Amino acid sequence: MNRADLHSAAKWFALAAAIVAADQIVKWLVLRSFAPGEQRVVTDFFNLVLVFNKGAAFSLFAQAPGWQAPALTGFALVASLVVGYFIVRNPGKTLFCLGLALILGGAIGNVIDRLRFGQVVDFVDLHALGWHWPAFNVADSAISVGAVLLILEGFLAREKRPEAPA
């Protein structure tokens with residue numbers, strides 16, 4: 001790997017670190033300002049609320065008997081190593097690395113919560129027309145946007161490939 005590639009990879013890791021910092025700062029503010037379960041209405045479809053999620057995305061496994069925090073932490077740490085490897089190997093693929101950096105920052109942000117509290121701090125509460133989305137946080141948002149970018153990049157990369165001769 002040359003110096004330019006190292007510099008390019010470093011900017012993706014810096015973005016991931018910025019996501020972690022933003023996630024943890026906002027969670028710290030919410031923890032300082034809300035009691036567990038406290039809800040504040042912001043708009044007709046958006047509330048702030050302090051809830052703790054012992055499970056994975058959308059509270060998957062939240063009711064499990066306690067194995068989820070160490071298992072999800074281990075999974076996120078392994079996934080973070082894999083994501084980091086792909087960033088280092090492909091630092092010039094902008095959309096690909098942007099998606100990976102967002103996922104990496106979000107994963108680490110939620111790992112910090114699991115290590116500190118044994119669960120993840122969630123606070124964004126969206127609802128409309130009788131439909132209620134599970135509460136989420138900055139890290140979850142980064143992971144979701146990163147996943148969408150990776151899917152988009154997959155479609156765009158496919159379009160750029162030359163067609164195979166018949």
Side-chain angles (χ1 to χ4, degrees), residues 1-34 42 46 48-62 68-126 133-162:
M1 177 172 274
N2 63 40
R3 180 169 249 185
D5 285 345
L6 283 175
H7 177 71
S8 189
K11 75 178 180 186
W12 299 119
F13 289 113
L15 175 59
I19 297 296
V20 173
D23 176 65
Q24 291 299 302
I25 289 167
V26 173
K27 288 174 180 173
W28 175 76
L29 290 170
V30 169
L31 287 166
R32 280 190 58 220
S33 304
F34 287 76
V42 178
F46 169 54
L48 293 174
V49 61
L50 174 56
V51 294
F52 296 94
N53 179 5
K54 292 182 180 186
F58 315 116
S59 299
L60 185 66
F61 308 126
Q68 63 275 47
L72 293 170
T73 298
F75 175 78
L77 291 174
V78 170
S80 295
L81 291 173
V82 171
V83 166
Y85 171 80
F86 283 118
I87 289 173
V88 168
R89 299 290 293 169
N90 302 282
K93 294 183 176 179
T94 303
L95 194 57
F96 181 68
C97 286
L98 176 59
L100 291 177
L102 291 172
I103 290 169
L104 179 62
I108 292 171
N110 282 340
V111 162
I112 291 169
D113 286 10
R114 289 187 199 289
L115 292 174
R116 287 181 66 201
F117 309 117
Q119 53 199 352
V120 174
V121 176
D122 287 332
F123 54 87
V124 177
D125 180 34
L126 299 177
W133 192 258
F136 59 96
N137 58 43
V138 172
D140 298 334
S141 298
I143 292 168
S144 297
V145 170
V148 168
L149 291 176
L150 289 181
I151 292 166
L152 178 61
E153 192 277 338
F155 284 116
L156 294 175
R158 177 173 288 189
E159 289 177 7
K160 291 179 184 175
R161 291 186 201 132

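This structure is a prediction, so every number in the text was calculated from the model and none was measured.
- In this structure the side chain of D113 never reaches within 4.5 angstrom of the side chain of F52, judged on heavy atoms.
- Side-chain contact between V138 and F123 is present, with heavy atoms from C-beta onward closer than 4.5 Å.
- Counting heavy-atom neighbours within 6.0 Å of Y85 OH, excluding the residue itself, gives a total of 12 or less.
- For the atom pair SG of C97 and CG of L102, the computed distance is 11.0 Å after rounding to the nearest 0.5 Å.
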- Item | CA sep, side-chain torsions, deciding dist, call: E153, T94, side-chain contact (heavy atoms from CB on, under 4.5 Å) | CA-CA 9 Å; E153 192 277 338; T94 303; over 6 Å; no
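- One finds the CD1 atom of I103 at 10.0 Å from the CG atom of L98 (value rounded to the nearest 0.5 Å).
- Note: I112 CD1 to R116 CZ = 8.5 Å, rounded to the nearest 0.5 Å.
- For the atom pair CZ (F96) and CG (L150), the distance works out to 6.5 Å, reported to the nearest 0.5 Å.
- F86 CZ: 12 or fewer foreign heavy atoms inside a 6.0 Å radius.
- Heavy atoms only, all atoms of each residue included: S80 and A107 are closest at OG-CB, 4.0 Å.
- What you find for A76 and V111 is that their closest heavy atoms are CB-CG2, 3.3 Å.
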Intermediate values then yes/no, side-chain contact (heavy atoms from CB on, under 4.5 Å), L126 and F136: CA-CA 9 Å; L126 299 177; F136 59 96; 3.8 Å; yes
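- Using a 4.5 Å cut-off on side-chain heavy atoms (C-beta onward), V30 and L48 make no contact.
- No donor-acceptor pair closer than 3.5 Å links the side chain of W12 to the backbone N or O of L100.
- For the pair S8 and P91, the tightest heavy-atom approach, listed with the atom from each and the gap, is OG-O, 2.9 Å.
- Side-chain atoms of N137 and N110 include a donor-acceptor pair closer than 3.5 Å.
- With Q24 contributing its side chain and G109 its backbone, the two residues share a donor-acceptor pair below 3.5 Å.
- For the atom pair CG of L50 and CG of D125, the computed distance is 11.5 Å after rounding to the nearest 0.5 Å.
- Side-chain contact between V120 and R114 is present, with heavy atoms from C-beta onward closer than 4.5 Å.
- Nearest heavy atom pair, residue L104 against residue A16, reads CD2-CB, 3.8 Å.
- Annotation for F117: atom CZ counts as buried by contact number, over 12 foreign heavy atoms lying within 6.0 Å.
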